Every structure is written in structure tokens, then in C-alpha cells.
Trainee: 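Quick one: structure below, then a few questions.
All figures in this text were calculated on a predicted structure; none of them were measured in a lab. Labels below follow one simple rule: chain letters A, B, ... track the order of the sequence lines, proteins then strands, and each chain is numbered from 1.
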Amino acid sequence: MTDRFAERLLEWYDKHGRHDLPWHQDRSPYRVWVSEIMLQQTQVTTVIPYFQAFMERFPTVQNLAEAPADDVLSHWSGLGYYARARNLQKAAVQVMEDHGGEFPDNQDKLEALPGIGRSTAAAIIAQAWDRRAAILDGNVKRVLARYHAVPGWPGQTTTLNALWAHAERHTPHTRARDYTQAIMDLGAMVCTRSRPACGECPLQGGCEARARNEVTLYPGSKPKKAKPEKATWMLILEDVEGRILLEQRPPSGIWGGLWSLPELDPAYGAEELEEACEQRFGLTCSQPDLITGFRHTFSHYHLHIQPARLQVAHSQVIREPGTHRWLHRDEALALGLPAPVRSLLTNPEQATLL
DNA sequence: TAATCGTGGCT
DNA sequence: TAGCCAAGATT
């Protein structure tokens, strides 16, 4: 290193960085790990309340390893990317069984745990043990792509390799913990995606994109593709006692492992729903009431959700008994539910009959 | 290599 | 307001 990248960055961090986020007090490997997983593709302000509740319910890795899977998922409900929650508990079990309850403190063994990749492993090493390890999250990618005017978008291998090389080279041998926090804070607070505050940046003197007056051209943007439109029936099956039928989704795929409302193929017409419920669940239902549908946008497609409410005479489900439950509304909301299902059940007054 | 996996904030 | 994107990892 011939420039003073890390030095300038740390000086800025001491004055302007974030020093008191919830996971900054008591930086045990367990707390650092949970925070890093929650923060994957998720903004800090969203994570904070989830982190607090999660730590209160699962204070140690042993508590997490021994908890019911439903309990873990319910604490993740609304946070998204639910494979993170499933992997989190798998990893907790591995830490207990393979590492005697102590987190491994090196890159390779951390990456062997499910849900921990190269950047997250490095973040844990730097934050928990204050040892040198290069991270490369969205903030660091943006800072480095601008500072070095790295062409291309980070999805390309050559671009990604270049960014990793810069990340490794800039990471200092001292104050590794502060440095990793500092470069993320810079990306989040100064070198932002839009309207970066270059005038307040400690690295403005060496920033190649700024020298070219092309800051917002970096990093390159990912090529956009049209999102396909999909549709589904979402069934609100209600028995005479006001209980609702919940169905646990398969472990992989969208909302994997979460409890949700039963769905039917959109190829069914409204007049066929009653018969379909009979076939699928062995339930005798009333004619469906259709509720105003809505469009839910995912990263890769749009999903038109068409709710239908049916009254059920006797509440028994013959098929797949382990994956269905009749629950009252408040009991259902205590489970892990997808966000649109949660809002559908939370605001029934918003549901207009068609 | 490219698709998949969620939700909420921002513009 | 519709699209972009965020403390990425997995398949």
C-alpha cells in the first residue's frame, strides 16, 4: 500500500461513523453472526427490531440449535429470504455438534457453515475477533468501483474479481474491525447510490470516478429484464368456529417452510373453486366470495394474488395432516407468515368483496 | 453463468 | 409510480 486509503477512512470513521448499532455492544461471534445474516440484502433500519427480538428469544447458539424450527421462522416473518433462517438454525446445530458450541475462527471453517459465504465469513472474523479479513458487500463494491473506476457491473466475474482484489489490498493489518465498519459506513452515509456527498468524502482526493466527474456511473448497472406475470388463488377457508386453514409451504421455493394460506392454480375458474377444495382438501365448502385481488412484486416476477373466501361445514383436512392447521386469526399471525398473507389477515376490513 | 430467494425504502 | 436496490448465498 502506497496510498493512505485506510488511514483516511479510519480518521473519518472515528468522527462520523456508526458506533452504537445494537450488534456493536457485546461483539460475541454469535451476535455478530446473527446480525451479519440478517443484514444480507436487508437495510439496517429494517434489521434492528428483528435483531433485538431474536436475541431476546435465542440468546445463545445453543438456544437457537435446540429451538423448534417454527419458532425460528416466526421470528423471521416479514424479514424475507427465509432460507437464511433455515440455514441459521442448521449452522447453529453444526456449531454445537461439530465445534463444541464455539464458533470456528477461520475463513474456511466459517464458509463451511450454511448461509455463510466469503464476505460474511470475513465480516465475522473482523467484527468478532478484530482480525484482518476483506469484506465485499454492496457498500464496499460501490466505494471501490468508484474509487478505482472499475468497469462493468458486479455480477460479472471479471468485475467481481477486480473488486475483491482492491478490497484485499486496501484492508489494513491493524484496526480490522473498525476498518470494515468504516468502509461500510462510508458507502451507506457518504458514497451513496444516488446523490453521493463527495465533498464530505475522506477519499475524494484519490477517487478516480470523481476525477472523471463520473461518480454515479459506477458501479455499472445490471442489465434489466422484464418481469413475468404470474397469478394464484389464495384461499381463506373458514370453519363455523371462525378458524382459518393454514398450510405449511414446502421447504424450498418461495416462502419456503412458512405457514401460509392454501393456494390453487389460477387455471381454475371461480365456479370451480368449491369442487377443487373438495378434491384437494376433502372439504365441503360454500360458494366462494371473491375479494379484491392485488399484485405483489418479487425480485424476478409479479404475482397477482386473488383471494377467495369459502365457508367450511366441518373443519377436517384428510390429506397431508402434518402440513395443515385450523387456527384463529391471532394464532395464525403468531406463526411465520409471508408479508402479503400477513397483511391480508391483519386487515380484513380492507378486503372488499367483489 | 444465471436464476432464485423477500421486503421495504427511495426516487 | 414503477423500477431499482440493499451488510449475499445457494443452486
Trainee: What's the closest nucleotide to the Glu36(A) side chain, out of dG8(B), dA7(C), dG6(B)?
Mentor: dA7(C)

Trainee: If I pick the P atom on dA7(C) and the same atom on dA3(B), what distance separates them, to the nearest angstrom?
Mentor: 23 Å

Trainee: Consider the side chain of Asp137(A), meaning its heavy atoms from C-beta on, and name the nucleotide among dT7(B), dC5(B), dA7(C) that approaches it most closely.
Mentor: dA7(C)

Trainee: Pick base, sugar-phosphate or nothing for Arg18(A), based on heavy-atom distances below 4.0 Å to the nucleic acid.
Mentor: base

Trainee: Mind checking whether Tyr81(A) and Leu88(A) sit in one hydrophobic cluster, side chains of I, L, V, M, F, W, Y counted as touching below 4.5 Å?
Mentor: no

Trainee: Minimum heavy-atom separation for Leu21(A) to Gln181(A), with atom names?
Mentor: CD1-NE2, 4.4 Å

Trainee: Determine the contact category for Ser194(A): base if any of its heavy atoms lies under 4.0 Å from a base atom, sugar-phosphate if only primed atoms, P, OP1 or OP2 are that close, otherwise nothing.
Mentor: sugar-phosphate

Trainee: Looking only at side-chain N and O atoms, does Arg193(A) come under 4.0 Å of OP1 or OP2 in dG9(B)?
Mentor: no

Trainee: Do Glu36(A) and Gln40(A) have a side chain donor and acceptor closer than 3.5 Å?
Mentor: no

Trainee: NA contact type, Trp76(A), heavy-atom cut-off 4.0 Å: base, sugar-phosphate, or nothing?
Mentor: nothing

Trainee: Contact class for Pro340(A) (heavy atom, under 4.0 Å): base, sugar-phosphate, or nothing?
Mentor: sugar-phosphate

Trainee: With the side chain of Asn87(A) defined as its heavy atoms from C-beta on, choose the nearest nucleotide among dG8(C), dT10(C), dT7(B).
Mentor: dT10(C)

Trainee: Could you check which of dC5(B), dT7(B), dT11(B) has an atom nearest any side-chain atom of Tyr81(A)?
Mentor: dC5(B)

Trainee: Hey, does Phe58(A) have a side-chain heavy atom less than 4.5 Å from the side chain of Asp71(A)?
Mentor: yes

Trainee: Considering only dT4(B), dG8(C), dG8(B), which nucleotide approaches the side chain of Gln41(A) most closely?
Mentor: dG8(C)

Trainee: For dG8(B) and dT1(C), measure between their C1' atoms and round to the nearest Å.
Mentor: 15 Å

Trainee: Leu21(A) near the nucleic acid: base, sugar-phosphate alone, or nothing, with a heavy-atom cut-off under 4.0 Å?
Mentor: base

Trainee: Please tell me which of the listed nucleotides, dA7(C), dC4(C), dT10(C), lies nearest to the side chain of Gln181(A)?
Mentor: dA7(C)

Trainee: Using the ring centroid of each side chain, check whether Tyr268(A) and Trp233(A) are separated by less than 6.0 Å.
Mentor: no

Trainee: Side chain of Ser299(A) only, heavy atoms from C-beta on: which candidate in dA9(C), dA7(C), dC5(B) is closest?
Mentor: dC5(B)

Trainee: For a quick check of understanding: with a heavy-atom distance under 4.0 Å over all strands, which category does Gly78(A) fall into, base, sugar-phosphate or nothing?
Mentor: sugar-phosphate

Trainee: Given that Gln43(A) and Leu79(A) both sit by DNA chain B, which one's nearest nucleotide is further toward the 5' end?
Mentor: Leu79(A)

Trainee: Map Lys222(A) and Leu113(A) onto DNA chain C by nearest heavy atom, then report which one ends up closer to the 5' terminus.
Mentor: Lys222(A)

Trainee: Which is more 5' along DNA chain B, the nucleotide nearest Ser252(A) or the one nearest Arg195(A)? Just name the residue.
Mentor: Ser252(A)

Trainee: Just say parallel, tilted or perpendicular for the rings of His16(A) and Trp12(A), cut-offs at 30° and 60°.
Mentor: tilted

Trainee: Looking at every strand, decide which applies to Ala339(A) at a 4.0 Å heavy-atom threshold: base, sugar-phosphate, or nothing.
Mentor: sugar-phosphate

Trainee: Regarding Lys225(A), tell me which of base, sugar-phosphate or nothing describes its non-hydrogen contacts under 4.0 Å with the strands shown.
Mentor: sugar-phosphate

Trainee: Distance between the P atoms of dG6(B) and dA2(C), in whole angstroms?
Mentor: 23 Å

Trainee: Which nucleotide in the set dT7(B), dC5(B), dG8(C) lies at the smallest distance from any side-chain heavy atom of Thr120(A)?
Mentor: dG8(C)

Trainee: Contact class for Ser35(A) (heavy atom, under 4.0 Å): base, sugar-phosphate, or nothing?
Mentor: nothing

Trainee: Can you name the nearest heavy-atom pair linking Ala65(A) to Met96(A), along with the distance?
Mentor: CB-CG, 3.7 Å

Trainee: Measure the distance from NE2 on His300(A) to P on dT7(B) and round it to the nearest whole Å.
Mentor: 15 Å

Trainee: Just to be sure I understand the rule, does Gly253(A) reach a base, reach only the sugar-phosphate, or reach nothing, if contact means heavy atoms closer than 4.0 Å?
Mentor: sugar-phosphate

Trainee: Mind calculating the distance between CD1 (Ile48(A)) and P (dG9(B)) to the nearest angstrom?
Mentor: 13 Å

Trainee: Mapping Ile116(A) and His24(A) onto DNA chain C by nearest heavy atom, which one lands closer to the 5' end?
Mentor: His24(A)

